[in-house]
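First up is the structure itself, then whatever we jot down about it.
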Amino acid sequence: MIHSNHDPLTIWFFDLYFRLCMFFQFRGIEIHGEVPDKGKSILLLQNHFSWWDGYWSFYLSKRVFKRKFHVMMLEEQLRKRMFINRCGAFSVRKDSRELIESLHYAAALLDDPNKLVCLYPQGQIQSQHRSPVTFESGASWILKKSKADVQVCFCVSLVDYFSQPRSVVHFHLKYYEGAKTNEALEKAYNEFRNQCIKNQHE
């Protein structure tokens with residue numbers, strides 16, 4: 001597997017690059033909900049529907065959660081964009097023995113309270129309109145194996161134009177305190193997501 005790397009110059013450059021892209025592409029960012037800072041590591045579970053998702057999770061990690069950013073990414077995709085590795089991405093290969101290594105790696109990262117690991121539990125990019133969101137089992141496995149008391153946060157990212165030529169990016173955040181089984185995480189996430197969609201307005 002490819003372990004995460006953090007190169008300050010690369011992070012600075014791509015943070016600036018994406019902020020400029022965001023300025024021209026979107027009208028703004030709105031964050032809904034508050035997640036208390038309990039001084040713990042954070043497992044961020046975020047929907048995955050666009051090219052922007054990696055930067056958005058980086059943005060939340062840096063500016064909202066203030067943790068060192070890590071994100072799990074399919075190895076074949078990461079090898080095409082190795083600069084993301086220098087911003088904190090690490091690889092996973094499904095249907096291989098390396099899958100367990102990647103999950104152990106993620107669990108070990110979460111033993112450090114200063115770190116955030118972002119997971120896209122769908123396991124692939126899907127339309128933001130697809131419902132329900134189906135979770136693969138990685139998140140629950142990581143939570144079971146981590147030695148730390150990990151703080152689980154849901155993020156539902158939604159993009160709507162309404163009557164404007166440029167859209168607003170909405171991040172809906174929720175601190176999750178329920179059972180750590182895959183079924184419970186998936187059910188709670190979808191209930192939260194459905195409520196977020198109902199609350200979307202111009």
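Counting all heavy atoms, side chain and backbone alike, Gln151 lies closest to Pro36 at NE2-O, 2.6 Å. Across Leu45 and Ala139, no two heavy atoms sit closer than the pair CD2-CB, 3.9 Å. Residues Cys118 and Ser57 approach most closely at SG-CB, 3.6 Å, considering heavy atoms. Between Lys147 and Asp111, the closest heavy-atom pair is N-OD1, 3.1 Å. Heavy-atom minimum distance, Ser167 versus Phe26: OG-CD2, 3.0 Å. Gln46 and Tyr189 get closest at one heavy-atom pair: C-OH, 3.8 Å.
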Which donor-acceptor pairs under 3.5 Å do side chains of residues 79-87 form with protein atoms, sequence neighbours excluded?
residue, atom, partner, partner atom, Å
Arg79, NE, Glu75, OE2, 3.2
Arg79, NH2, Glu75, OE2, 3.2
Arg81, NH1, Gln77, O, 3.3
Arg81, NH1, Gln77, OE1, 2.8
Asn85, ND2, His3, O, 2.6
Asn85, ND2, Ala89, O, 2.9
Arg86, NE, Thr10, OG1, 3.4

Which donor-acceptor pairs under 3.5 Å do side chains of residues 173-181 form with protein atoms, sequence neighbours excluded?
residue, atom, partner, partner atom, Å
Tyr176, OH, Ala179, N, 3.1
Tyr176, OH, Ala179, O, 2.5
Thr181, OG1, Ala184, N, 3.2

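Below 30°, between 30° and 60°, or above 60°: for His170 and His32 the angle between ring planes is below 30°, a parallel geometry. Aromatic ring orientation, Tyr55 versus Phe18: parallel (interplanar angle below 30°, classes split at 30° and 60°).
With hydrophobic clusters built from ILVMFWY side chains whose heavy atoms lie under 4.5 angstrom apart, Phe171 does not share a cluster with Val156. Connection of Tyr105 to Leu78 is not established within any shared hydrophobic cluster, with ILVMFWY side chains joined at heavy-atom distances below 4.5 Å, either directly or through further cluster members. Leu110 is connected to Leu119 through a chain of hydrophobic side-chain contacts under 4.5 Å among Ile, Leu, Val, Met, Phe, Trp and Tyr, so both are in one cluster. Under the 4.5 Å side-chain heavy-atom criterion for grouping Ile, Leu, Val, Met, Phe, Trp and Tyr, Val35 is connected to Tyr59 within one hydrophobic cluster. Taking hydrophobic clusters as Ile, Leu, Val, Met, Phe, Trp and Tyr residues chained together by side-chain heavy-atom distances below 4.5 Å, Trp51 shares a cluster with Ile29.
Put simply, the side chain of Phe65 reaches to within 4.5 Å of the side chain of Cys153, judged on heavy atoms. The shortest distance between side-chain heavy atoms of Leu116 and Leu60 does not fall below 4.5 Å. Side-chain atoms of Met72 and Leu103, non-hydrogen and from C-beta on, do get closer than 4.5 Å to each other. Under the 4.5 Å side-chain criterion, counting only non-hydrogen atoms from C-beta, Val159 is not in contact with Trp52. Using a 4.5 Å cut-off on side-chain heavy atoms (C-beta onward), Arg67 and Leu44 make no contact. The side-chain heavy atoms of Leu74 and Val92, taken from C-beta on, include a pair separated by under 4.5 Å. Under the 4.5 Å side-chain criterion, counting only non-hydrogen atoms from C-beta, Asp53 is in contact with Ser50. In this structure the side chain of Pro132 never reaches within 4.5 angstrom of the side chain of Glu186, judged on heavy atoms.
The distance from the NZ atom of Lys62 to the CZ atom of Phe58 is 4.5 Å, given to the nearest 0.5 Å. The NE2 atom of His104 sits 10.0 Å away from atom CG of Leu99, with the distance rounded to the nearest 0.5 Å.
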Pair Tyr120, Val71 - check side-chain contact (heavy atoms from CB on, under 4.5 Å), show working.
CA-CA 9 Å; Tyr120 306 112; Val71 62; 3.7 Å; yes
side-chain contact (heavy atoms from CB on, under 4.5 Å) for Val169 and Met22? Distances and angles first, verdict last.
CA-CA 10 Å; Val169 183; Met22 289 282 295; 4.1 Å; yes
Go through Val117 and Ser41 one step at a time and tell me if the side-chain contact (heavy atoms from CB on, under 4.5 Å) criterion holds.
CA-CA 8 Å; Val117 174; Ser41 59; over 6 Å; no
Checking side-chain contact (heavy atoms from CB on, under 4.5 Å) for the pair Phe69/Ile11: CA distance, chi angles, key distance, verdict?
CA-CA 10 Å; Phe69 174 67; Ile11 292 170; over 6 Å; no
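Here the side chain of Arg166 pairs a donor or acceptor atom with the backbone of Phe23 at under 3.5 angstrom. A distance-only check finds a donor-acceptor pair linking the side chain of Asp112 to the backbone of Asn114 [under 3.5 Å]. Formation of a donor-acceptor pair under 3.5 Å by the Ser91 side chain with backbone atoms of Met1 is not found in this model.
Between the side chains of Gln200 and His172, at least one donor N or O sits under 3.5 Å from an acceptor N or O.
In this structure, Asp149 does not pair ionically with Lys38, as no charged nitrogen and carboxylate oxygen lie closer than 4.0 Å.
Listed by chain and number, the residues in a side chain to side chain donor-acceptor pair (under 3.5 Å) with Lys94 are Glu136 (sequence neighbours excluded).
By the neighbour-count criterion of 12 heavy atoms within 6.0 Å, atom CZ of Arg27 is densely surrounded, having more than that number from other residues, nucleotides or ligands.
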